[in-house]
Amino acid sequence: MAKANGGAAPFLISGGGIGGLIAAYALARQGYPVRLFEQSPEFREVGAGIQLGPNIFRVLEKVGLKDAILADAHRPPAQEMRDALTGKVIANIPLGAEFSQRFGQPYAVTHRADIHGTFLKACQSSNLVTLENSRRVDGYEDHGDHITVTLDDGERADGRALIACDGMWSKIRERLVGDGAPRVSGHIAYRAVLKRDEVPDDLWRPDVVLWAGPRTHFVHYPLRRAELYNLVAVFHSDHYEEGWNAEGARDVMWQHFKMQVPQVTRMLERIDTWRMWVLCDREPVKTWSEGRVVLLGDAAHPMLQYLAQGACMATEDAVILAEKVAASPDDLPAAFAAYTQERYVRTARTQVMARVYGEFYHARGVTAELRDMAVGGRTTQQAYDGIEWLYGGP
Ligand SMILES: Cc1cc2nc3c(=O)[nH]c(=O)nc-3n(C[C@H](O)[C@H](O)[C@H](O)COP(=O)(O)OP(=O)(O)OC[C@H]3O[C@@H](n4cnc5c(N)ncnc54)[C@H](O)[C@@H]3O)c2cc1C
């Protein structure tokens with residue numbers, strides 16, 4: 001598979017999250033050398049779950065990583081939405097054989113560390129990928145025929161192009177797009193992971209369950225071959241703290257959920273320590289590249305998590321970017337423009353629809369009634385038809 005260009009200038013990647021690692025691997029699969037810089041002292045992901053729609057498996061299959069991801073994942077039989085005040089089932093969508101037949105790929109949930117670890121291992125197994133920790137990309141110069149990045153220790157590294165996978169607060173996006181800080185949604189996510197035996201048997205469910213409440217929702221599902229249980233509680237708040245890993249105050253969260261059904265409150269009571277995410281996104285743009293610099297993943301299209309698609313979209317980006325590069329290796333600005341052209345509408349739709357889903361999950365009063373009629377009144381086939389635009393791609 002590798003072309004004889006391993007000695008040529010490498011692609012430079014800023015950021016070793018899910019997007020950066022899969023981009024490095026996808027480019028190496030096409031035969032290109034890659035140098036990836038990650039600012040943290042080690043490659044790791046936070047302890048939480050991640051849902052994987054059939055669309056990510058379609059691209060993972062192309063790069064030979066589908067089975068490795070599924071090996072540690074859990075396959076939920078259904079996705080269920082329930083009313084957090086009454087306990088009523090609003091909708092139940094099967095995710096088993098009928099779903100896989102419709103979309104040609106499965107639905108799975110996994111630990112972030114497992115998907116990140118699989119991508120890391122894939123990179124480590126390639127002699128075309130060099131991974132460098134404790135190295136922050138501070139700037140770049142595009143010379144037209146190559147690129148130079150400046151690292152925090154002052155070293156300058158040359159490459160054939162720079163792929164910015166540096167996330168929601170991307171410095172490279174700031175220079176390319178200049179759209180300021182991300183938009184704070186006013187929603188906060190508290191997350192925790194329990195061991196299977198810490199979850200009472202009558203509360204344990206193999207499905208992805210979402211409890212929709214007024215200005216809140218609570219999601220739980222098993223992880224890692226069902227050995228762990230992932231919990232995410234989201235509520236409206238004007239709190240703002242940049243980053244992903246601060247400790248969340250238990251009593252603040254409790255105020256928002258204490259009036260909900262016992263299946264919710266009993267589960268929430270089991271958690272001693274919550275980690276907190278302040279949820280942000282951005283308006284969609286299509287300025288993803290300039291010359292030899294291109295954005296990927298959250299740097300290009302940060303979205304709220306309500307469609308569970310940020311990592312799926314970053315992985316789609318990576319595989320498609322590598323294909324465009326392989327189709328036009330001697331004109332990388334053209335390859336990056338073609339990648340942007342293919343990706344920006346799909347990712348914009350996901351950004352916009354994620355906000356709509358968030359409104360629906362948190363609806364109150366008549367809006368909640370409307371939601372229940374809209375999502376509860378559908379047949380399974382109608383539910384599948386409604387998400388075809390997303391799960392049927394890329
Ligand atoms: C609560 C929540 C739930 C979610 N659930 C899902 C889900 O179920 N399914 C799904 O698909 N997605 C989900 N997502 C979205 C998903 O987590 C993100 O979209 C995805 O992790 C983005 O990956 P990334 O590699 O683009 O960015 P990041 O993961 O942010 O990685 C960026 C990396 O770049 C590094 N970096 C930053 N600046 C520099 C620099 N200057 N130099 C070097 N390195 C740098 C950072 O240290 C980091 O490692 C969820 C998000 C949240 C908040």
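Just follow the structure's listing: the first ligand is 1, and inside any ligand the first atom is 1.
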Quiz item: Taking N or O atoms only and a 3.5 Å limit, does Ala314 qualify as a polar contact for ligand 1?
Solution: no
Quiz prompt | Atom indices of ligand 1 within 4.0 angstrom of Ile18 heavy atoms, with elements | solution = 25 (O)
Quiz item: Which ligand 1 atoms, with their elements, are less than 4.0 angstrom from a heavy-atom of Gln309?
Solution: 9 (N), 10 (C), 11 (O), 12 (N)
Quiz item: Distance only, no hydrogens: is a donor on one side chain within 3.5 Å (strictly under) of an acceptor on the other, for His187 and Tyr306?
Solution: yes
Quiz item: Any N/O of Gly310 closer than 3.5 Å to an N/O of ligand 1?
Solution: yes
Exercise. For Cys165, counting its heavy atoms only, list the atoms of ligand 1 lying under 4.0 Å from any of them.
Key: 32 (C), 33 (C), 34 (O)
Quiz item: Among Phe37, Tyr25, Tyr32, which one satisfies ring-ring contact (aromatic ring centres under 6.0 Å, His included) with Phe11?
Solution: Tyr32
Quiz item: Would you say Gln39 has any N or O atom under 3.5 Å from an N or O of ligand 1, going by distance alone?
Solution: yes
Quiz prompt | 4.5 Å side-chain heavy-atom contact, Leu295 and Val177 | solution = yes
Quiz prompt | Atom indices of ligand 1, in the order listed, that fall short of 4.0 Å to a heavy atom of Ser14 | solution = 40 (C), 42 (N), 43 (C)
Exercise. Compare Asp298, Leu296, Ile13 and give the one whose heavy atom is closest to atom 26 (O) of ligand 1.
Key: Asp298
Practice problem: Determine whether the side chain, the backbone, both or neither of Arg112 has a heavy atom under 4.0 Å from any heavy atom of ligand 1. | Solution: side chain
Quiz item: With a 4.5 Å limit on heavy-atom distance, are the side chains of Thr150 and Tyr140 in contact?
Solution: no
Quiz item: Taking everything shown except Lys286 itself, do over 12 heavy atoms lie less than 6.0 Å from its NZ?
Solution: no
Acceptor/donor pairs from residues 367-380 side chains to any protein atom, 3.5 angstrom cut, sequence neighbours excluded:
{"from": "Arg371", "atom 1": "NH1", "to": "Phe360", "atom 2": "O", "distance (Å)": "2.9"}
{"from": "Arg371", "atom 1": "NH1", "to": "Tyr361", "atom 2": "O", "distance (Å)": "3.3"}
{"from": "Thr379", "atom 1": "OG1", "to": "Gln382", "atom 2": "N", "distance (Å)": "3.0"}
{"from": "Thr379", "atom 1": "OG1", "to": "Gln382", "atom 2": "OE1", "distance (Å)": "3.4"}

Exercise. Name all residues meeting the side chain to side chain contact (heavy atoms under 4.5 Å, CB included) criterion together with Ala348; count only those two or more places apart in sequence or in a different chain, and write none if there are none.
Key: Pro284, Gln351
Quiz item: Which of the numbered atoms in ligand 1 are below 4.0 angstrom from a heavy atom of Gly297?
Solution: 26 (O)
Quiz item: Say you draw a straight line from CZ of Arg225 to NE2 of His74; how long is it, rounded to the nearest 0.5 Å?
Solution: 12.5 Å
Quiz item: Are side-chain heavy atoms of Val34 and Thr130 found at a separation under 4.5 Å?
Solution: no
Practice problem: Using distance alone, decide if ligand 1 has a nitrogen or oxygen within less than 3.5 Å of any nitrogen or oxygen in Gln305. | Solution: no
Quiz item: Side chain or backbone of Cys312 under 4.0 Å from ligand 1, or both, or neither, by non-hydrogen atoms?
Solution: both
Quiz item: Atoms of ligand 1 less than 4.0 Å from Ala308 heavy atoms?
Solution: 7 (C), 8 (O), 9 (N), 10 (C), 11 (O)
Quiz item: Has Arg364 got more than 12 heavy atoms of other residues, nucleotides or ligands less than 6.0 Å from its CZ?
Solution: no
Practice problem: Between Ile50, Val137, Asp152, Asp281, flag the one that comes closest to atom 41 (N) of ligand 1 by a heavy atom. | Solution: Val137
Exercise. Show which atoms of ligand 1 fall inside a sub-4.0 Å distance from at least one heavy-atom site of Arg135.
Key: 43 (C)
Exercise. Just jot down the ligand 1 atoms closer than 4.0 angstrom to any heavy atom of Gly19, in number order.
Key: 24 (P), 25 (O)
Quiz item: Counting heavy atoms not belonging to Gln101, are there more than 12 under 6.0 Å from its CD?
Solution: no
Self-check item: Residue part near ligand 1, for Trp277, under 4.0 Å between non-hydrogen atoms
Solution: side chain
Exercise. Could you tell me whether ligand 1 has any atom less than 4.0 Å away from a heavy atom of Arg191?
Key: no
Quiz prompt | Polar atom proximity, Ala311 to ligand 1 (N or O, under 3.5 Å) | solution = yes
Quiz item: Is Arg136 close to ligand 1, meaning an N/O of one under 3.5 Å from an N/O of the other?
Solution: no
Exercise. For ligand 1, find out whether one of its N or O atoms is nearer than 3.5 Å to an N or O atom of Tyr221.
Key: no
